[in-house]
Amino acid sequence: MTRPFSIAIHGGAGTIERSLMTPELEASYRKALAQSVMAGHAVLEQGGSSVDAAVAAVTVMEDSELFNAGKGSVLTHDETVEMDASVMDGRNLEAGAVTLIRHIKNPIQLARDVMQKSPHAMLAGEGAESFAFKECGYEYVEQDYFFTDRRYNELKTMKKTGGVALSEARYPDEKKHG
Amino acid sequence: TVGAVALDKEGNLAAATSTGGLTNKRWGRVGDTPIIGGGNYARNGNVAVSATGMGELLMRCTVAGDIAGRMQYGNASIDQACRDVIHGDFLSLGGEGGVIAIDADGRVNFELNCPGMYRATVNEKGEALVAIF
């Protein structure tokens, strides 16, 4: 008898304006969410670990510019991206986290490597990226890869208002938090 | 922010969370995502949690760890623990957001205190179930 396996994902929460969600945009989100959860499900179905399943699902969303992670991440005040990620393995309470990442395509994969290939639980900024390049063979990714016009426009709006919470709802989820 | 929680065939739980953070952030701001127990937690026989929302409040309420603690030490169900935390101190302090969680038996819970959360799971037939609002 096969033991149960299961997966769930999220792509962020907040004020998502239904009136601004066009059928085309909603279809894009639904397609990306389905791709993500099915990527994780496939890992589990084939007998893979829950860690690898969760990382596979998150990787799909990092590669989609619809979500605030990886490609399509929001911009800082200095018009850069700074990304954070973490993984925790319930089997042994091991954990890996990275913060202030700027040149790694998939921070979630680096978080898993911090957990599995370093003696540490969290690495930050230049040190984390040095670990990625020198110890794990990651490719250096230019900031341009992560940029989207949508996020640049959001940043310009926020600079005018001087805040950090999204307040102009030209996009259905511009008030989405994190 | 994006995240995933999973239970594999060996009964192992895991959580993964990733984010670009907050638009217009400065000074090396770090939110809850990389904070174990804040925006991410997993423990076998207990629960796996990934959070999204106002990072500073998710940290101050140690949301993921609180849910796990209520289940482990208070015998709360996954639904009860997630609901009480997301609609408890987190909300009363002005926090908006949500969590996804999965328990040791594979029960999935989505809990949010705001109008929407992009989310999905897979049903018994292996089909994706997607929701936004």
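Order of the sequence lines sets the chain letters (A, B, ...), proteins ahead of strands, with each chain counted from 1.
Taking Thr33(B), Val5(B), Val47(B), Asp32(B) one by one and counting their heavy-atom pairs under 4.5 Å with chain A, the maximum is reached by Val5(B). Between chain B and the residues Ser50(A), Ser73(A), Ala69(A), the largest count of heavy-atom pairs under 4.5 Å involves Ser50(A). When each of His10(A), Met83(A), Met88(A) is scored by its heavy-atom pairs under 4.5 Å with chain B, the top score falls to His10(A). Your options are Thr121(B), Leu7(B), Leu13(B), and the one with the most heavy-atom pairs under 4.5 Å with chain A is Leu7(B). Ranked by heavy-atom pairs shorter than 4.5 Å toward chain A, the options Ser50(B), Ser18(B), Gly126(B), Gly11(B) are led by Ser18(B). Ranked by heavy-atom pairs under 4.5 Å with chain B, the list Val37(A), Asp84(A), Thr76(A), Ile7(A) is led by Asp84(A). Annotation: maximal heavy-atom pairing with chain A below 4.5 Å, among Ala101(B), Ala48(B), Pro34(B), Pro115(B), occurs at Pro34(B). Ranking Asn40(B), Leu129(B), Ile35(B) against chain A, the residue ahead of the rest is Asn40(B), based on heavy-atom pairs under 4.5 Å. Of the residues considered (Gly28(B), Ala128(B), Ala120(B), Gly45(B)), Ala120(B) shows the highest number of contacts with chain A, using heavy-atom pairs under 4.5 Å. Interface check for chain B: of the options Ala85(A), Pro107(A), Gly48(A), the most heavy-atom pairs under 4.5 Å are formed by Ala85(A). In terms of non-hydrogen atom pairs under 4.5 Å with chain B, the most contact-rich of Ala54(A), Ala97(A), Ala8(A), Gly125(A) is Ala8(A).
Annotation: ring pair (Phe, Tyr, Trp, His ring centres under 6.0 Å) contacts involving residues 71-109 of chain A, sequence neighbours excluded, comprise His103(A)-Tyr140(A).
In terms of modelled atom types and a separation under 3.5 Å, the side chain of Thr59(A) and the main chain of Val55(A) share a donor-acceptor contact. Under the 3.5 Å distance criterion, the side-chain polar atoms of Tyr41(B) are left unmatched by any main-chain donor or acceptor of Thr62(B).
In this structure, chain A has a heavy atom under 4.5 Å from the side chain of Val108(B), while its backbone stays farther away. Using a 4.5 Å cut-off between heavy atoms, Leu33(A) touches chain B through backbone and side chain atoms alike. If you measure heavy-atom distances from Leu112(B) to chain A, you find no contacts under 4.5 Å at all. Heavy-atom distances place the backbone of Glu45(A), and not its side chain, under 4.5 Å from chain B. Residue Val51(A) touches chain B through both its backbone and its side chain, counting heavy-atom pairs closer than 4.5 Å. Contacts between Arg107(B) and chain A at a heavy-atom distance below 4.5 Å are absent for every atom of the residue. Residue Val43(A) does not touch chain B at all, counting heavy-atom pairs closer than 4.5 Å.
Under the rule for a side chain to side chain donor-acceptor pair (under 3.5 Å), Lys156(A) has no partner lying at least two apart in sequence or in another chain.
By the 6.0 Å contact criterion, CG on Asp149(A) is open, its count of non-hydrogen atoms from other residues, nucleotides or ligands being 12 or less. With a 6.0 Å radius and a threshold of 12 heavy atoms from other residues, nucleotides or ligands, Glu126(A) has its CD atom at or below the threshold. Under a cut-off of 6.0 angstrom, the local environment of NZ in Lys31(A) is sparse, with at most 12 non-hydrogen atoms contributed by other residues, nucleotides or ligands. Summarising the local packing, CD of Glu10(B) is surrounded by 12 or fewer heavy atoms from other residues, nucleotides or ligands at distances under 6.0 Å.
For the residue pair Asn12(B)/Asp89(A), the side-chain donor-acceptor check at 3.5 Å is not satisfied.
Interatomic distance, CD1 of Ile67(B) versus CZ of Arg83(B), reported as 11.5 Å (0.5 Å rounding).
Under the 4.5 Å side-chain contact rule for hydrophobic residues, Ile78(B) and Ile86(B) share a cluster.
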